[in-house]
Each structure stands twice: as C-alpha cells, then as structure tokens.
2 protein chains.
Amino acid sequence: MSEDRSADRPDPRSAHNLEVLRGCSLLSGLPDEALREAAALARARPFRANEVLYARGEVQSALSVVGAGSVRISSTSSDGREIMLTLFEPGAWFGDTVFSPGMPRVFGATAHSDGELVEVPGQAYRDLLARYPQAYPRTLDMLSRRLWSAISIIEDNGLRDMPGRVGRRLLFLAQMHEHDGQVGDANGPVTFKLTREHIANMMGMTRQGVHRVLKVLEGEGLIAFSYGRVTVPDREALRRYLEESTQK
Amino acid sequence: MSEDRSADRPDPRSAHNLEVLRGCSLLSGLPDEALREAAALARARPFRANEVLYARGEVQSALSVVGAGSVRISSTSSDGREIMLTLFEPGAWFGDTVFSPGMPRVFGATAHSDGELVEVPGQAYRDLLARYPQAYPRTLDMLSRRLWSAISIIEDNGLRDMPGRVGRRLLFLAQMHEHDGQVGDANGPVTFKLTREHIANMMGMTRQGVHRVLKVLEGEGLIAFSYGRVTVPDREALRRYLEESTQK
DNA sequence: GCCAGACTGTCAACGGTTTGACACTTACCG
DNA sequence: CGGTAAGTGTCAAACCGTTGACAGTCTGGC
C-alpha cells in the first residue's frame, strides 16, 4: 500500500469518501469545496455483518454516513431484550450527538450486512459548518425532520393496533429507502432483509405476534414475505390502507 | 388603546416579550440585540384553559415560547383516542416545524391552563438566525436534545413495563420542569396537575391501568398523588429505582 | 356554602399477546 | 453437496391490561 498524499493531488481514498458524502442529504447544504474538505478529514470504516459499530451510551461523537451495506440502530435492555429503531442504508447518516457534544448515544449501531461507513470527526464537522454557515438551515431542516419521524413513531405506537403499527413502520422504511437515494423508482416494490424477530424488535412485540400480523397484511395484498425478507409491492396502496379505517 | 411606536423607544409589549424570550433556552444563543429584534417582531397570545392553540396537521409555522401557564402537546386519532406527548411550562418552546417550513405539525397544542404564548413568526426567526449565525450551534444542540428525548421515549415504551414507563415519563417531566427554569431547587418535590386520564393518554394506557401503576409506585414511596395531581417528592430516588431492577 | 360536573376507586368479565414448546424449512460455509 | 445454525409456522395455556359499569369523592364557580 503506497502512501501518496500531496496538498494539491487528492488522496484516492478521499475521492471515495467524497463520493459517499455527496450522496448524503444532511450534507447537501455544504458547497462542494466544503465537502472536499470533509472528505479529506473523513475516515472510511469497513464493517462486517453483525459487528457492533457503536454501543449505546458511548459519548464519543462522529458523524457517520453509510457508504455501503446497511446498519441497524437499536438498543438492548439489561435483561437482553432488544429494541430496534430503524435500518439505515447507503446515503443515510447517524450520530446525531455530533450536535450535542458530550451527550451519550441513546441507541447503538450494529452492522446489518457487510458494508462501509464514512465518518467525519465531530469537531471537524462542527468547524466546517461554522465556516460555511449557509449550510445551517438545511442541517436544521434535516434534524427537525428526523425529530418529526421519531414523534410519528411515538404517535403510531400509542394510537394504532398491531397491523397498523407494523404497516406504518414498513411504509416508513420504504419511504426512507427511496429518499436516501436507493431508487428513483416512483412506486416500485421495495424489499427488506428483516427477520420476523427484527420486526418484532422494532414494534416491541414477539416473533409469533409478528407472524400473525404479517399474515393479515398479506391477506390484504399489501405486503409479501418469505424467509428473512419482507417486501412492500405498492407503497401507495399501503398508505391508503393505513389512512382509511379507524385502526383502533 | 394608544399606539405608541417609535424606532428608538421600545414598545412596552415588546419589553414583556423580550422578558419571555430571554427565558427560552432555544434562543439563548442569540445576542441580546437579536432577542430585542425578535421581541419586536413577536406577538403575545394569551390563552384560556383547554383552548386549542394549534391543530395537528397545520402547516403554518411559528416559534412559540410559553410565557405563562402550561401547554399540552397531543394528537387525536380519528376515533377520538388521544395521545399526549408532553406538557410544556414557561420557558419551553415548541413548533419545531419552523425549521422545516411546509411540514405539517404532527402533534397539536392545547392550553392546559390559562396562560400566554409569545410567538415569533417563522420567517422572521429564520432570518434572524441567518443574521446571527453564531446562534446556530446552540440551536442545533437544542433540537438534537429534543430528538434524543423523543428517542428515549420510544425506547422506554418498547423496553419497560408499565410502572417503568410511567415512572420514566414523570421523571422526564420533572427534569424538564427544572431545566426550563421553574426552580433552581436541586432536588425538591415537583407537582404536576395531571389527571389519571392525562397520564393514561401519555402512556397509551387506560385510566384504570394508570391507577394500578400509581399505587405500585406510591407503595415504593416514589410518588404521591391526589385529586388531579401527581407529585415526585425525590427525583433522585425515582431515578435510582428506575435504573436498578430489570424492569420487564 | 352549595351544587353540578369532573375526577376517582373498584370490580368482574373479556380479549389479545406473550410464553413455551416442538417440528419443519432455508440459507450459508466448508 | 451435505451439515449445521439460523429462521420459521403453529399450537395451547397463562397472563396482563382493557372494557364497561357504577357509586363515591373532590373542586371550582356562582
């Protein structure tokens, strides 16, 4: 491995980082020159499936952008029960504690498949923002949307019955999937590699309970599922279904 | 009503607004001159108990700061079930959609008592931030902490049993109460005017269920309650209780 | 002070979810 | 290409919180 770093010739790894950072909605408010700086400061971090990337409670804060593969955001209780918040795919970012240095991470991150993270050190990222303040509004917007999502989940968990909750969460994942630039495809089918247990952990229910619910939704033609996989064939149909009917 | 506005003599109402805005943690990153501008642009809005301040789904966005009284943040489902997210007291702010103009509010706001809001129009607030960019980091921090809180609630709802959930939420309210400047009192008792039903709506349970849980917590000496009132006598004790024990 | 309305305690019956257990299927790795 | 670990379908029993109903209690406003 040859080390070739000159001030005016970009590091090839940095070029790759740049590629990834460019695909991240959080950073899209920064001008390209700023992204290039970020890429130079960033560090690529490959990972293998099931590797623990960050533990719940860690204080160190970096901004992580998923470059490849997928990452599970989850938290484990003292008695081993696990709750999963969401699944991030390429283009997504996490590590919101960059904005509140010193706060511990509420949820941990685990590799859901093989892949790679591109990480910008927290301080470097904050400095960069300070030097390109025009990026702030976009940053606030992204953060506020994430808050919006979290609150929606709270609402769903409190107001909807099990099929409603599962449906909503799947729809939500499908929308994120689209938004983070996986597809331009307007309303094509989306498949997730999630086991019944993963879904159970997302909803705070059991494997068996999820099974029953999935069968209901499948009966309505709203989803399909097979070994370790769930697919939403038509997001629009699912959305409509979830809007009608009182759903408890 | 005499109109007396000159450029160099502050409007008395504006002086009152300023007072309120100064007490708001979200705005504490802005220099005082900026706060004075904000106060001039702000509008005081008195309210009576149970008045609907904002409905779920509204798009118009302003930054609201509670000047007096308390405000319930909640959402109602089509079949009348209600879910309450939190209770805001003087010094607290809401209307996070200021940061994402065009997004509908997920939750509505209802007056929990008589009181008053001080509202800064969304555009004016955003313009102000742009002119005083040094306030951005603090703003991001506040927003990110709120996200942190929302995620904590999701975690609690998924991982903890009923007493655990209720306890955590009460502790959380008590901490906010302290933080928003009600008391400097390190660990004094805090009382909330919440009916069993309000609590039930926060937790997604029933009035009767809440009753049972409160009795358990009371038995442990962690809370006390009477007609329409719950009090946490010792936050530290409650926190310790919630940390030990596997809690489901 | 008094009264109407809001809030509360309590109980039995009901119902949906979990628990626990077991046999079966699928995917992955050597 | 076969073996093993992970994932899955299914069932009955147990559990826990809800439903529904009613009488009792508190409070604020007149």
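Order of the sequence lines sets the chain letters (A, B, ...), proteins ahead of strands, with each chain counted from 1.
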Should the pair B/E236-B/R239 be classified as a salt bridge under the 4.0 Å nitrogen-to-oxygen rule? yes
Quickly work out the B/D161 CG to C/dT19 P distance and round it to whole Å. 12 Å
Classify the ring geometry of B/H177 against B/F192: parallel below 30°, tilted from 30° to 60°, perpendicular beyond 60°. perpendicular
Taken to the nearest whole Å, CZ/A/R196 to P/D/dT8 is 4 Å
In chain order, what residues pass the ring-ring contact (aromatic ring centres under 6.0 Å, His included) check against A/H211, with sequence neighbours excluded? none
Give a yes or no answer on whether the side chain of A/R160 reaches the backbone of A/L242 with a donor-acceptor pair at less than 3.5 Å. yes
Using whole Å, what does the distance between atom P of nucleotide C/dG5 and atom CG of B/N50 come to? 16 Å
Just the rounded figure in Å: distance from P of D/dG7 to NZ of A/K193. 13 Å
Just the rounded figure in Å: distance from C1' of C/dT17 to CG of A/N157. 15 Å
Counting only heavy atoms not in A/E220, do more than 12 sit closer than 6.0 Å to its CD atom? yes
Between CE of A/M162 and P of D/dT18 the distance, given in whole Å, is 12 Å
Report the C-alpha separation of A/L194 and A/M202 in whole Å, then their side-chain angles, then the decisive distance to 0.1 Å, and conclude whether the side-chain contact (heavy atoms from CB on, under 4.5 Å) test is met. CA-CA 10 Å; A/L194 291 171; A/M202 275 203 290; 4.0 Å; yes
Taking A/S74 as the fixed residue, which of A/T110, A/I83, A/N201, A/L85 is the one that meets the side-chain contact (heavy atoms from CB on, under 4.5 Å) rule? A/T110
Could you pull out every donor-acceptor pair under 3.5 Å between side chains of residues 57-68 of chain B and any protein atom, sequence neighbours left out?
residue	atom	partner	partner atom	Å
B/E58	OE2	B/A55	N	2.9
B/S64	OG	B/E119	OE2	2.8

What is the distance from CZ of A/R212 to C1' of D/dT10, rounded to the nearest Å? 12 Å
Report yes or no: is the cationic atom of A/R72 (NZ for Lys, CZ for Arg) closer than 6.0 Å to the six-membered ring centre of A/F47, at no more than 45° off its axis? no
Angle between the two end axes of the helix from C/dG1-D/dC30 to C/dG30-D/dC1, five base pairs per end, rounded to 10 degrees? 60°
Going by the rule salt bridge (Lys or Arg N to Asp or Glu O under 4.0 Å), which residues pair with A/R145 if we only count those two or more places apart in sequence or in a different chain? A/D141
Measure CG/B/D114 against P/D/dG28 and give the value in whole Å, please. 13 Å
Closest contact, heavy atoms only, A/N187 versus A/R235: OD1-N, 3.1 Å
What are the residues of residues 213-233 of chain A, sorted by number, that bring a heavy atom to within less than 4.0 Å of DNA chain D? A/K215, A/F225, A/Y227, A/G228
For DNA chain D, what residues of residues 198-210 of chain B have any heavy atom nearer than 4.0 Å? B/G204, B/M205, B/T206, B/R207, B/Q208, B/G209
